[in-house]
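Comments concern the structure below.
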Amino acid sequence: MTGPSRAAAAPPAGEVIVDWYATAARDLPWRTPGVDPWAVLVSEVMLQQTPVARVEPVWRSWMARWPAPADLAAAPPAEVIRAWGKLGYPRRALRLREAAAAIAERHGGVVPDDVAALEALPGIGAYTARAVACFGYGQRQPVVDTNVRRVVARLVHGRAEAGNARATDLADIAALAPEDDARAVRFSVAVMELGALVCIAGTPRCAACPVRDRCAWRLAGYPAHDGPRRRVQQFAGTDRQVRGRLLDVLRAADAPVTAAALATTWDDAVQRSRCLDSLLTDGLVEQTADGLFRLPTGDVDQVT
DNA sequence: GAGGCGTGGCT
DNA sequence: TAGCCAAGCCT
């Protein structure tokens with residue numbers, strides 16, 4: 001059928017999402033055109049499980065202090081842990097420093113541009129490797145994070161929530177990407193942004209969604225999630241809370257502290273000891289020759 | 001492959 | 001209020 005009553009075919013969802021991004025994207029410093037891939041890598045590691053608002057100020061000071069991988073690799077671990085501040089999961093800070101050392105030593109100080117080499121770096125997994133290749137090097141890459149999996153689950157599969165990561169995730173998102181390479185690169189960040197700002201986990205803002213007219217979940221009447229509830233992580237009383245308190249004391253201390261000082265953080269001595277041991281094992285804490293505790297100095301004559 | 005691993009804002 | 005949730009990685 002032809003004629004003016006027939007609307008032109010709607011543009012593909014991927015194209016619509018790229019155009020939406022041009023008008024709706026947040027202005028984030030690591031998205032500055034021409035930004036150094038190292039700066040992108042640092043941002044991506046900081047953003048693992050951590051909100052943008054908390055990352056931004058830390059990222060700024062971090063990049064000013066350690067603008068290149070070799071700078072970070074040369075820094076004492078204690079300073080790196082302190083600079084990480086309260087971003088959480090501080091093992092990420094140590095792994096980022098280790099990744100910086102690997103880049104400096106094995107890659108001539110240049111962040112590798114291929115996914116396999118990136119994934120071989122400490123703390124860099126499937127998501128972060130592709131994010132660096134795509135956002136840092138402008139490569140056409142499918143980039144799948146929790147936002148992308150949620151958008152695909154709703155828009156394509158008509159499900160309220162994404163299940164666990166699947167082998168088909170990369171193909172799912174690649175199928176939506178625009179043909180033009182430059183637009184496909186923007187699409188990768190645009191889908192994440194859509195998931196972060198509009199197609200959010202709690203109450204999705206469908207009225208603001210550029211592809212609501214073709215969303216399978218919306219067209220199916222918003223069927224509820226039918227799988228098992230994702231169990232929410234406990235925090236109060238866990239080792240994670242205790243480790244956090246121990247590290248909080250050590251970050252604030254300007255000299256090695258006694259075991260007695262650490263004992264004020266948590267009453268249960270068994271749990272406290274277990275957590276201190278795990279921090280020593282992780283390399284987040286070291287013990288001095290006289291039995292005191294501090295953040296790791298990186299000195300070669302340290303006693304552990 | 002399920003569970004461990006921080007922290008704090010939001011509803 | 002008390003979960004829920006946030007650009008994952010590693011074992």
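As the structure is a computational prediction, the values presented were derived from the model and not from experiment. In what follows, chains carry the letters A, B, and so on, assigned in the order in which the sequence lines appear, proteins first and then strands, with residues in each chain numbered from 1.
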Examine [N]: is either OP1 or OP2 under 4.0 Å from a nitrogen or oxygen in the side chain of [X]? Give yes or no.
X        : N     : result
A:Gln48  : C:dG8 : no
A:Arg243 : B:dG6 : yes
A:Arg54  : C:dA7 : no

Within the 4.0 Å heavy-atom criterion, would you say [X] contacts the bases, only the backbone, or no part of the nucleic acid?
X        : result
A:Ser43  : nothing
A:Ala53  : nothing
A:Trp30  : base
A:Asp282 : nothing
A:Ala201 : sugar-phosphate
A:Thr146 : sugar-phosphate
A:Val52  : base
A:Arg130 : nothing
A:Gln241 : nothing
A:Leu279 : nothing
A:Arg31  : base
A:Ile124 : sugar-phosphate
A:Arg251 : sugar-phosphate

**OP:** Name the closest nucleotide to the A:Val232 side chain, picking from B:dC5, C:dA7, C:dC4.
**Re:**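 Nearest listed nucleotide: C:dC4.
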
**OP:** Between C:dA7, B:dC5, C:dG8, spot the one nearest the side chain of A:Glu44, thanks.
**Re:**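 Side chain of A:Glu44 sits closest to C:dA7.
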
Original post:
Do A:Arg149 and A:Asp172 sit within salt-bridge range, that is, some charged N less than 4.0 Å from a carboxylate O?
Top reply: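 A salt bridge is absent here (no side-chain N lies under 4.0 Å from a carboxylate O).
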
Take atom [atom1] of [X] and atom [atom2] of [N], then tell me their distance rounded to the nearest Å.
X        : N      : atom1 : atom2 : value
A:Glu119 : C:dC10 : CD    : P     : 9 Å
A:Trp84  : B:dC5  : CH2   : C1'   : 13 Å
A:Arg91  : C:dC10 : CZ    : P     : 10 Å
A:Lys86  : B:dG8  : NZ    : C1'   : 10 Å
A:Tyr89  : B:dG6  : OH    : P     : 7 Å
A:Phe235 : C:dC5  : CZ    : P     : 18 Å
A:Asp239 : B:dT7  : CG    : P     : 13 Å
A:Gln234 : C:dC5  : CD    : P     : 14 Å

**OP:** With DNA chain B as reference, determine whether A:Asn164 or A:Gly85 sits nearer its 5' end, using the nearest nucleotide of each.
**Re:**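 Between the two, 5'-proximity favours A:Asn164.
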
Original post:
For DNA chain B, whose closest nucleotide is more 5', that of A:Leu284 or that of A:Thr203?
Top reply: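 Per heavy-atom nearest nucleotide, the more 5' residue is A:Leu284.
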
**OP:** Pull up the glycosidic torsion of C:dA6 and say syn or anti, syn being anything within 90° of 0.
**Re:**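 C:dA6: anti.
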
Original post:
What does B:dG9 pair with, Watson-Crick or G-U, if both distances are under 3.5 Å?
Top reply: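 Pairing partner: C:dC4.
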
Original post:
Is C:dC9 paired to anything, Watson-Crick or G-U wobble with both distances less than 3.5 Å, and if yes, which nucleotide?
Top reply: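 When the pairing criteria are applied, B:dG4 turns out to be the nucleotide that pairs with C:dC9.
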
State plainly whether one hydrophobic cluster holds both [X] and [Y], where clusters connect Ile, Leu, Val, Met, Phe, Trp and Tyr through side-chain heavy atoms under 4.5 angstrom apart.
X        : Y        : answer
A:Ile200 : A:Val211 : no
A:Leu292 : A:Leu247 : no
A:Trp266 : A:Phe235 : no

Could you give the distance separating [M] and [N] at their [atom1] atoms, to the nearest angstrom?
N     : M     : atom1 : value
B:dC5 : C:dA7 : P     : 22 Å
B:dG3 : C:dC4 : P     : 16 Å
B:dG8 : C:dC9 : P     : 23 Å

Quick one: does any side-chain atom of [X] pair with a main-chain N or O of [Y] as donor and acceptor, under 3.5 Å?
X        : Y        : value
A:Arg154 : A:Cys215 : no
A:Arg251 : A:Arg82  : no
A:Thr264 : A:Leu262 : no

Original post:
Does a distance-only test, which skips hydrogens and angles, find a donor-acceptor pair under 3.5 Å between the side chain of A:Arg240 and the base of B:dG6?
Top reply: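 When only heavy-atom distances are counted, A:Arg240 does reach the base of B:dG6 through a donor-acceptor pair under 3.5 Å.
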
**OP:** Measure distances between side-chain N and O atoms of A:Thr50 and base N and O atoms of B:dG6, and say whether any donor-acceptor pair falls under 3.5 Å.
**Re:**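 Yes.
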
Subject >> CZ (A:Arg166) with more than 12 external heavy atoms under 6.0 Å >> reply: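 Incorrect, the count does not exceed 12.
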
